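Heads up, the thing below is written out as structure tokens.
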Amino acid sequence: MSRHDFRDVRIYTTNPRDLNSPFDVRHPEDIVFCCFFRELEQRAEFLKQTRFIAGTPLAVDADTQTLTEQLADEYRALQSSGNEQEAVYTAVRWWSGILRRGYHTYSLKIGFAPYRTSCILSFQELDADSIRYNLSRALQMLERDKGRVLDFFGFGGSGGLN
């Protein structure tokens with residue numbers, strides 16, 4: 001685990017819709033993670049860790065089927081505990097280590113209080129329109145979640161912020 005509290009990071013899977021696990025989709029290359037960080041150094045650490053994971057080879061005699069099942073279970077457990085960052089690391093481990101495929105990251109300057117910076121991690125190259133689309137979806141999700149918290153504490157009306 002990084003030295004930062006994992007609650008300082010919000011990660012939304014914006015494609016495909018309603019993704020429960022990357023291990024359960026027909027076309028995992030379509031997966032897009034939109035990541036928001038409270039601090040710029042957290043984003044840098046996240047990107048550094050994904051590069052490290054992608055560059056770590058599997059043992060030559062590794063049982064890829066068993067490893068895939070273990071990583072799928074690990075991903076689900078991390079997601080259910082709210083540790084989105086480690087869950088993404090697990091997906092990258094599977095994608096680059098077992099499937100031996102590359103990924104793409106896009107560092108963004110977009111923030112959404114209290115998150116100051118962001119990036120997108122995808123398993124295929126995205127064009128500018130796709131980046132905008134996925135970022136827009138993630139910002140809508142952040143807005144929805146912020147509205148829920150404010151509603152819970154009695155500070156907002158249902159449906160978001162005004």
Side-chain angles (χ1 to χ4, degrees), residues 1-2 4 6-37 42-108 110-112 115 117-149 160:
M1 164 113 35
S2 71
H4 301 287
F6 66 82
R7 290 170 291 220
D8 287 344
V9 176
R10 286 304 324 238
I11 299 176
Y12 292 96
T13 307
T14 55
N15 194 46
R17 292 179 185 262
D18 303 321
L19 175 75
N20 291 322
S21 169
F23 299 88
D24 299 333
V25 298
R26 179 173 286 220
H27 301 287
E29 66 276 2
D30 293 339
I31 295 171
V32 177
F33 297 104
C34 289
C35 313
F36 297 89
F37 306 88
Q42 291 169 311
R43 182 182 72 186
E45 186 176 313
F46 173 80
L47 295 172
K48 179 181 173 185
Q49 184 65 16
T50 55
R51 282 190 302 275
F52 174 78
I53 290 166
T56 304
L58 289 175
V60 176
D61 60 346
D63 177 359
T64 58
Q65 181 62 34
T66 300
L67 280 174
T68 297
E69 291 168 7
Q70 290 171 346
L71 290 172
D73 291 343
E74 182 180 334
Y75 181 92
R76 288 181 192 95
L78 289 164
Q79 277 294 95
S80 67
S81 73
N83 194 338
E84 301 158 343
Q85 184 171 339
E86 291 294 327
V88 171
Y89 292 157
T90 301
V92 170
R93 227 174 253 112
W94 165 69
W95 185 255
S96 58
I98 294 177
L99 299 181
R100 301 193 188 285
R101 305 209 30 209
Y103 67 95
H104 301 269
T105 57
Y106 305 88
S107 294
L108 307 171
I110 304 297
F112 187 97
Y115 306 101
T117 190
S118 55
C119 73
I120 290 179
L121 185 145
S122 65
F123 292 155
Q124 67 177 323
E125 189 172 358
L126 301 176
D127 61 20
D129 287 339
S130 295
I131 290 170
R132 280 191 289 275
Y133 169 78
N134 283 285
L135 182 59
S136 175
R137 287 209 47 195
L139 290 169
Q140 289 171 1
M141 292 172 178
L142 267 170
E143 179 77 26
R144 181 198 63 217
D145 288 351
K146 191 172 188 176
R148 285 183 191 159
V149 170

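Note that the coordinates shown come from a computational prediction; the quantities given were computed from them, not determined experimentally.
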Interatomic distance, CD@Glu125 vs OH@Tyr103, rounded to 0.5 Å, equals 14.5 Å
Over all heavy atoms of both residues, which pair between Gly97 and Leu58 is shortest? Give the atoms and the distance, please.
O-CD1, 2.9 Å
Can you tell if the side chain of Ile31 reaches within under 4.5 Å of the side chain of Asn15, non-hydrogen atoms only?
no
Starting at NZ of Lys48, measure out to CZ of Arg51 and round the result to the nearest 0.5 Å.
8.5 Å
Do Tyr106 side-chain atoms and Leu126 backbone N/O form a donor-acceptor pair below 3.5 Å?
yes
Interatomic distance, CG@Leu99 vs CD@Glu29, rounded to 0.5 Å, equals 10.0 Å
Which value, rounded to the nearest 0.5 Å, describes the distance between Ile131 atom CD1 and Ser136 atom OG?
13.5 Å
Can you name the nearest heavy-atom pair linking Thr14 to Arg137, along with the distance?
O-NH1, 2.8 Å
Nearest heavy-atom approach of Pro22 to Pro28 is O-CB, 4.1 Å
With the side chain counted from C-beta on, respond yes when Asp129 and Arg132 share a heavy-atom pair under 4.5 Å apart, and no when they do not.
yes
Are a donor atom and an acceptor atom from the side chains of Glu69 and Gln65 found within less than 3.5 Å of each other?
yes
Would you call Ile11 and Leu121 a side-chain contact if the rule is heavy atoms closer than 4.5 Å?
no
Using atom types as modelled and distance alone, determine if a side-chain donor or acceptor of Thr50 lies under 3.5 Å from a backbone N or O of Tyr89.
no
Atom of Ser21, atom of Leu19 and distance for their closest heavy-atom approach
O-CD1, 3.2 Å
Does Phe46 reach the side chain of Cys35, with side-chain heavy atoms less than 4.5 Å apart?
yes
Say whether, by atom type as modelled, one donor and one acceptor occur between the side chain of Arg76 and the main chain of Ala72 under 3.5 angstrom.
yes
Step by step, work out the side-chain contact (heavy atoms from CB on, under 4.5 Å) result for Trp95 and Arg100.
CA-CA 6 Å; Trp95 185 255; Arg100 301 193 188 285; over 6 Å; no
With the side chain counted from C-beta on, respond yes when Tyr115 and Leu142 share a heavy-atom pair under 4.5 Å apart, and no when they do not.
yes
Please step through side-chain contact (heavy atoms from CB on, under 4.5 Å) for the pair Thr105 and Ile120, ending with a clear verdict.
CA-CA 5 Å; Thr105 57; Ile120 290 179; over 6 Å; no
Please check if the side chain of Arg10 supplies one atom and the backbone of Phe36 the other of a donor-acceptor pair under 3.5 Å.
no
Could you check if a side-chain atom of Phe37 sits within less than 4.5 angstrom of a side-chain atom of Asp8, using non-hydrogen atoms only?
no
How far apart are the closest heavy atoms of Gln79 and Ala87, and which atoms are they?
OE1-CB, 3.4 Å
Have Asn134 and Tyr12 got a donor and an acceptor in their side chains that come within less than 3.5 Å?
no
Flag the pair Ile98 / Leu71 as yes when at least one side-chain heavy-atom distance between them is below 4.5 Å, and no otherwise.
yes
Heavy-atom pair of closest approach, residues Ile53 and Ser96
O-OG, 4.2 Å
Student check: side-chain heavy atoms of Asn83 and Gln85 closer than 4.5 Å
yes
Worked verdict on Glu74 versus Glu86 for side-chain contact (heavy atoms from CB on, under 4.5 Å)
CA-CA 9 Å; Glu74 182 180 334; Glu86 291 294 327; 5.8 Å; no
Derivation of the side-chain contact (heavy atoms from CB on, under 4.5 Å) call for Trp94 and Tyr75:
CA-CA 10 Å; Trp94 165 69; Tyr75 181 92; over 6 Å; no
